[in-house]
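Numbers here simply count residues along the sequence, with the first being 1.
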Amino acid sequence: MYDIHYWPTPNGKKVTILLEELGVPYNVVPVNIGKGDQFTDDFLKINPNNRMPALVDHAPKDGGAPVSVFESGAIMMYIAEKEGRFWPQDVRGKYEVTQWVIWQMANQGPKTGERGHFSRVDPKHGDQSYAQRRFNDEVHRMYGVLNNRLYDRPNVAGDAYSIADMICYPWTASWELQGIDMGEFKYFKRWFDEMAARPAVQKGMAVTAGPSIDPATLTPEERERLTKLLYNQRARPAPAA
């Protein structure tokens with residue numbers, strides 16, 4: 001029914017967690033971002049932003065041609081709405097969840113990703129201390145947002161477990177590498193431990209898509225090629241008329 005074009009990053013794992021929670025059949029289509037699969041013409045037909053994940057639903061509710069969706073938050077909304085679980089459709093419940101899905105997409109994910117990027121920048125590119133401090137602080141602030149949200153409710157969007165929880169969790173799974181002291185955020189820790197114990201979350205986080213690249217095994221030339229592939233991209237030319 002569902003093809004998920006996927007690589008095991010936090011953005012991909014959001015979607016596989018939802019699919020595992022639903023218990024619906026899906027097929028993983030590997031998108032090896034280290035090899036540049038996300039830039040192929042076939043992939044760009046379903047995701048013009050050349051980022052994974054992307055979804056193709058071969059059995060949409062309207063019975064028509066397959067539907068493709070890109071951006072992990074939109075994918076999760078699409079699936080949850082179609083399957084009728086984890087995203088309430090009454091106006092109050094719907095937007096209680098929606099705002100946290102958008103928060104994750106606009107704040108938690110990008111800021112955490114930038115923190116990771118600037119922590120890995122080669123010293124040859126100059127002093128990164130301001131960027132490192134800025135994004136370390138932003139990630140710490142995001143944990144505070146979640147902690148303060150969770151001090152008086154069991155889940156991110158209230159009483160009910162939802163896609164708001166599923167979308168936030170994968171970006172916190174590496175909290176130690178992000179320099180976070182879990183002791184500072186006891187309400188977040190309670191939620192995190194409960195999420196980590198869910199069998200479907202464990203299954204979704206464990207989904208693979210083939211062997212990953214170990215940077216330690218690459219030659220300097222291969223590392224340079226990979227860096228050029230993944231970073232400092234500029235606009236692609238429009239197709240010829």
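- Listed for the Q202 side chain is a donor-acceptor partner under 3.5 Å among the backbone atoms of A196.
- Between K13 and Y6 the shortest side-chain heavy-atom distance falls below 4.5 Å.
- The backbone N or O of Q132 sits less than 3.5 Å from a side-chain atom of N136, completing a donor-acceptor pair.
- For N27 and D3, the side-chain atoms include at least one donor-acceptor pair closer than 3.5 Å.
- Counting heavy atoms from C-beta outward, I17 and M205 have side chains that approach closer than 4.5 Å.
- With respect to K61 and E81, no salt bridge is recorded, no charged nitrogen being found less than 4.0 Å from a carboxylate O.
- Not a single donor-acceptor pair under 3.5 Å links the side chain of T112 to the backbone N or O of G109.
- Residues R115 and R134 have side chains not in contact (no heavy-atom distance under 4.5 Å, counting atoms from C-beta outward).
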(message) Let's go through T9 and N11 carefully: what are the C-alpha distance in whole Å and the side-chain angles of both, what is the deciding distance for side-chain hydrogen bond (donor to acceptor under 3.5 Å, both in side chains) to 0.1 Å, and is it a yes or a no?
(response) CA-CA 5 Å; T9 70; N11 285 334; 5.1 Å; no

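- To the nearest 0.5 Å, the span separating CG on N147 from CZ on F188 amounts to 8.5 Å.
- Between I75 and P53, the closest heavy-atom pair is CD1-O, 3.7 Å.
- Checked against a 6.0 Å centroid threshold, the rings of F135 and H140 do not count as neighbours.
- A distance of 8.0 Å separates CH2 in W191 from OH in Y169, rounded to the nearest 0.5 Å.
- By the 4.5 Å heavy-atom criterion applied to side chains, T98 and M77 are counted as neighbours.
- Proximity of a side-chain donor or acceptor of Q108 to a complementary backbone N or O of C168 within less than 3.5 Å is detected.
- Between Y26 and M1, the closest side-chain pair of non-hydrogen atoms is not below 4.5 Å.
- Summarising the geometry, atom OG1 belonging to T172 is positioned 7.5 Å from atom CG belonging to L146; distances are rounded to the nearest 0.5 Å.
- In the model, W7 has no side-chain atom that pairs as donor or acceptor with a side-chain atom of D37 under 3.5 Å.
- When the side chains of ILVMFWY residues are joined at heavy-atom separations under 4.5 Å, either directly or via intervening members, I33 and L44 end up in two distinct hydrophobic clusters.
- The two residues T16 and G204 make their nearest non-hydrogen contact at OG1-O, 2.8 Å.
- Under the 4.0 Å criterion applied to side-chain N and carboxylate O atoms, K82 and D57 are assigned as salt-bridge partners.
- At a threshold of 4.5 Å between side-chain heavy atoms, the hydrophobic network of Ile, Leu, Val, Met, Phe, Trp and Tyr places L22 and V207 in one connected group.
- Remark: R149 fails to qualify as a cation-pi partner of Y187 under the 6.0 Å distance and 45° angle criteria applied to the six-membered ring.
- Hydrophobic cluster membership differs between M52 and V69, with clusters built from Ile, Leu, Val, Met, Phe, Trp and Tyr side chains linked at under 4.5 angstrom.
- With sequence neighbours left out, the side chain to side chain donor-acceptor pair (under 3.5 Å) criterion links R141 to E138.
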(message) Determine whether I46 and V56 satisfy the following criterion, side-chain contact (heavy atoms from CB on, under 4.5 Å), listing intermediate values before the conclusion.
(response) CA-CA 8 Å; I46 58 174; V56 178; 4.1 Å; yes

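- The two residues P25 and Y2 come nearest to each other via the heavy atoms O-CD1, 3.8 Å.
- Using modelled atom types, one side-chain atom of Q89 and one backbone atom of W87 make a donor-acceptor pair closer than 3.5 Å.
- Of the inter-residue distances, the one linking F70 atom CZ with N50 atom CG reads 10.0 Å to the nearest 0.5 angstrom.
- The nearest pair of heavy atoms linking P60 to Y78 is CB-OH, 3.8 Å.
- In this structure, E71 does not pair ionically with K14, as no charged nitrogen and carboxylate oxygen lie closer than 4.0 Å.
- The two residues V101 and G73 make their nearest non-hydrogen contact at CG1-CA, 4.0 Å.
- Residue K94 places its NZ atom among more than 12 non-hydrogen atoms of other residues, nucleotides or ligands, all under 6.0 Å distant.
- Annotation: side chain of Q233 is in contact with side chain of F39 (closest heavy-atom distance under 4.5 Å).
- With hydrogens and angles disregarded, no donor-acceptor distance shorter than 3.5 Å links the side chain of R51 to the backbone of Q38.
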(request) Could you walk me through whether Y143 and W175 pass the side-chain contact (heavy atoms from CB on, under 4.5 Å) test, one step at a time? (result) CA-CA 9 Å; Y143 278 88; W175 58 271; 3.5 Å; yes

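- In summary, the side chains of S162 and W100 do not present any donor paired with an acceptor at a separation below 3.5 Å, with no hydrogens or angles considered.
- Two residues are said to be in side-chain contact when any heavy atoms from C-beta on lie closer than 4.5 Å; P154 and Y161 fail this criterion.
- Each salt bridge (Lys or Arg N to Asp or Glu O under 4.0 Å) pair with one or both residues in residues 174-191, not counting sequence neighbours, appears once here: K189-D193, R190-E194.
- Under the 4.5 Å side-chain heavy-atom criterion for ILVMFWY residues, no single connected hydrophobic cluster contains both V121 and V139.
- The CD atom of Q128 lies 10.5 Å from the OG atom of S119; values are rounded to the nearest 0.5 Å.
- Side-chain contact annotation: T40 with D42, donor-acceptor N/O pair under 3.5 Å absent.
- Without hydrogens or angle criteria, D122 side chain to H125 main chain gives no donor-acceptor distance under 3.5 Å.
- Between the OG atom of S129 and the CZ atom of F118 there is a distance of 11.5 Å, given to the nearest 0.5 Å.
- Residues W171 and M142 have side chains not in contact (no heavy-atom distance under 4.5 Å, counting atoms from C-beta outward).
- Within 6.0 Å of CG on D90 lie more than 12 heavy atoms contributed by other residues, nucleotides or ligands.
- Minimum heavy-atom separation, L150 to V156: CD2-N, 3.7 Å.
- M76 and Y95 are assigned to two separate hydrophobic clusters, defined by single-linkage of ILVMFWY side chains at heavy-atom distances under 4.5 Å.
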